[in-house]
Amino acid sequence: MRTELLPEPGPRRVYALTTLVNTFGFGLILTSLVLYFTRVVHLSSVQVGLGLTVSSVIGLAAGVPIGALADRHGPRAVVRMTYLVQFLSGLGYLFIRDFAAFVVVATVDMLAMNANGAADGALLRRVGGEDAAVFRSVSHAITNVGVSVGAVGCAIAVQIGTPDAYRGLILANALTFLAAWAVSARLPKYEPLPAPDDGPRWVVLSDRAFVGYAAHNAAMSMQYFVMLLPLPLWIIGHTHAPGWSVGALLLLNTFIVIAFQVRVGRNVTTIRQGGAALRRAGLLFMVSCCAIGFAAGLAGWAALLLIGAAIAVHSAGELNHAAGTFTLDFGLAPAHAQGQYQGVAGLGLGAGGAAAPTFMIGLCLTFGTAGWAGLGAFFGLLGLTAPAIARWGERTRPVPGPVPAGPAGTGPIAVDAVNGLSLTQSTKRRGRWPGRSSQQHRPRTRRPRRSTRSARSTASTPTSSACCTACTWTPRTR
């Protein structure tokens with residue numbers, strides 16, 4: 001029987017294999033890359049931190065324009081191009097000898113990584129089809145599998161500790177990009193979707209609801225760094241829990257994500273359900289952060305049990321956070337501009353990641369238990385405001401009109417929920433996305449006006465209905 005992590009044969013399985021190969025390489029260098037820079041290249045820790053910070057900030061600039069390029073020319077070709085650039089930048093790490101070369105190579109690598117994230121989001125949307133958000137949950141679980149397997153190889157090489165062992169990890173990671181490039185050639189060549197002739201080129205920048213959501217998620221996405229930044233320092237320096245628990249707790253989180261991400265994602269398929277999932281996530285993060293803070297001063301076994309329970313709760317929050325963001329990322333974006341929208345979403349994630357070290361370590365380690373409680377309150381407040389963000393986004397999306405009838409005897413026209421195009425005839429009627437005039441592209445046939453109350457009481461818009469401008473939707477006016 002096919003498991004949840006093994007998609008059916010076809011594009012989804014090819015995409016899953018590409019993801020597995022790519023994330024295996026990431027696992028190889030997850031913790032070894034900075035050790036390579038300090039032990040083999042002989043850069044100081046200050047130089048490494050500064051170089052990675054500069055390259056990360058510059059790399060954020062690539063997401064939106066490369067995402068737009070994927071919208072205009074098709075996502076597969078752009079994704080494969082970024083794999084080749086990452087292959088070359090990965091090899092470039094083997095040849096750096098000084099700080100300047102390190103900054104140049106790292107900047108190219110970060111630009112390619114952010115470009116890949118935006119284009120790959122658009123590609124996943126096309127591969128995933130009507131249930132793209134659920135398929136993204138599958139991809140997220142596969143990502144954790146790949147990183148975990150790669151981390152085993154990383155641990156072996158770090159234990160060996162020789163320069164050649166570190167260089168072997170760098171080379172193997174670079175080769176995974178070349179392998180991903182080769183495997184992704186088996187994906188269909190998805191053509192660009194039709195875009196409105198008179199709409200703004202950068203439609204995402206005029207979509208205030210999505211930009212607001214991206215900013216909100218930038219703050220909530222800092223939860224991914226709780227177990228990587230403040231938690232290890234807190235366990236070692238402020239609790240009596242054993243040091244080996246740091247790795248064990250990370251494995252616990254990885255196991256929970258792999259085992260349950262798809263199940264949670266299947267129950268989060270509409271914009272409002274996405275907002276509710278983010279609310280649950282914020283409240284769960286609040287509970288887990290407070291529990292971690294109370295572990296200070298407890299006996300070793302008690303601290304371990306309390307932090308273990310807190311990480312289980314935090315992992316449940318991560319499942320809901322991931323499912324909610326997957327749904328909103330796709331559900332709020334028109335299909336013809338998925339790359340742009342994924343670029344802005346990635347920009348928010350990058351900003352959150354850049355702010356996380358200073359914010360979290362400064363708060364939790366400076367103020368101790370009170371700092372952890374404050375971090376929990378921060379996540380809780382974000383969770384409570386998430387449904388309002390989702391409703392704002394849903395309120396500004398086009399509203400599906402009645403399904404038009406097909407030719408005599410054929411029933412309603414079938415609509416491709418991925419491309420937003422009629423499967424039995426071409427349509428030219430278009431819904432309004434943010435940034436377009438509400439007076440343009442009105443439907444050719446008149447329909448009874450729907451009252452405001454009935455419009456508001458309709459079911460939540462499913463992510464598959466976020467198709468594109470070539471559909472028979474009537475625009476919302478507010």
Please determine which of Phe330, Trp392, Tyr341 meets the ring pair (Phe, Tyr, Trp, His ring centres under 6.0 Å) test together with Phe210.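 Of all the options given, the one that passes is Tyr341.
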
Pair Phe177-Val21, side-chain contact (heavy atoms from CB on, under 4.5 Å): steps then yes or no: CA-CA 8 Å; Phe177 293 120; Val21 171; over 6 Å; no

Please find the pair of heavy atoms, one from [X] and one from [Y], that lie closest to each other, and give the distance.
X      : Y      : result
Ser137 : Phe326 : OG-CD1, 3.6 Å
Ile235 : Ser245 : CG2-OG, 3.7 Å
Gly265 : Ala323 : CA-CB, 4.0 Å
Val226 : Pro232 : O-CD, 4.4 Å
Leu249 : Ile307 : CD1-CG2, 3.5 Å
Ala141 : Val257 : CB-O, 4.2 Å

Any donor-acceptor N/O pair, [X] side chain to [Y] backbone, under 3.5 Å:
X      : Y      : result
Gln342 : Ala119 : no
Ser288 : Ile311 : no
Thr270 : Gln273 : yes
Gln340 : Ala337 : no
Asn144 : His140 : yes
Arg76  : Leu187 : yes
Arg272 : Pro387 : no
Thr23  : Phe26  : no
Thr358 : Ala355 : no

Side-chain heavy atoms of [X] within contact of [Y], under 4.5 Å:
X      : Y      : result
Leu169 : Asn173 : no
Val246 : Leu231 : no
Asp71  : His336 : no
Leu52  : Phe102 : yes
Ser184 : Tyr83  : yes
Ile258 : Ile142 : no
Leu284 : His314 : no

Can a side-chain donor-acceptor contact be found between [Y] and [X] if the only test is distance below 3.5 angstrom?
X      : Y      : value
Tyr93  : Asp109 : yes
Asn217 : Thr325 : no
Tyr15  : Asp120 : yes
Glu318 : Asn253 : yes

Using a strict cut-off of less than 4.0 Å between a Lys/Arg side-chain nitrogen and an Asp/Glu carboxylate oxygen, indicate whether Asp329 and Arg125 qualify as a salt bridge. no

Going by side-chain contact (heavy atoms from CB on, under 4.5 Å), name the residues that satisfy it together with Ala276, two or more places apart in sequence or in a different chain.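 For Ala276, the residues satisfying side-chain contact (heavy atoms from CB on, under 4.5 Å) (neighbours in sequence not counted) are Arg279, Arg280.
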
Could you pull out all residues at least two apart from Ser56 that satisfy side-chain contact (heavy atoms from CB on, under 4.5 Å)? Met110

Distance, nearest 0.5 Å, that separates [atom1] of [X] from [atom2] of [Y]:
X      : Y      : atom1 : atom2 : value
Thr239 : Trp234 : OG1   : CH2   : 8.0 Å
Thr396 : Leu332 : OG1   : CG    : 7.0 Å
Phe37  : Ser44  : CZ    : OG    : 12.5 Å

Which label fits Phe260 and Phe255: parallel for a plane angle under 30°, tilted from 30 to 60°, or perpendicular past 60°? perpendicular

Begin from the C-alpha positions of Arg13 and Glu8 and carry the test salt bridge (charged side-chain N to carboxylate O under 4.0 Å, His left out) through to its verdict. CA-CA 6 Å; Arg13 183 169 293 185; Glu8 66 277 5; over 6 Å; no

Tell me whether the centres of the aromatic rings in Phe285 and Phe379 are closer together than 6.0 Å. yes

Hey, do the aromatic rings of Phe359 and Phe378 have their centres closer than 6.0 Å?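 That pair passes the under 6.0 Å test.
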
Can you list the residues that meet the side chain to side chain donor-acceptor pair (under 3.5 Å) rule with Tyr166, with sequence neighbours excluded? Arg39

Should Trp301 and His240 be marked as a side-chain contact (heavy atoms from CB on, under 4.5 Å) after you check the CA-CA gap, both sets of side-chain angles, and the distance that decides it? CA-CA 8 Å; Trp301 64 269; His240 299 293; over 6 Å; no

List the steps and the verdict of side-chain contact (heavy atoms from CB on, under 4.5 Å) for Leu375 and Cys364. CA-CA 7 Å; Leu375 182 62; Cys364 297; 3.7 Å; yes

Is there a salt bridge (charged side-chain N to carboxylate O under 4.0 Å, His left out) between Asp207 and Arg397? Walk through the geometry before answering. CA-CA 10 Å; Asp207 189 345; Arg397 302 309 98 178; 2.8 Å; yes

Begin from the C-alpha positions of Leu233 and Ile361 and carry the test side-chain contact (heavy atoms from CB on, under 4.5 Å) through to its verdict. CA-CA 9 Å; Leu233 298 174; Ile361 294 177; 4.2 Å; yes

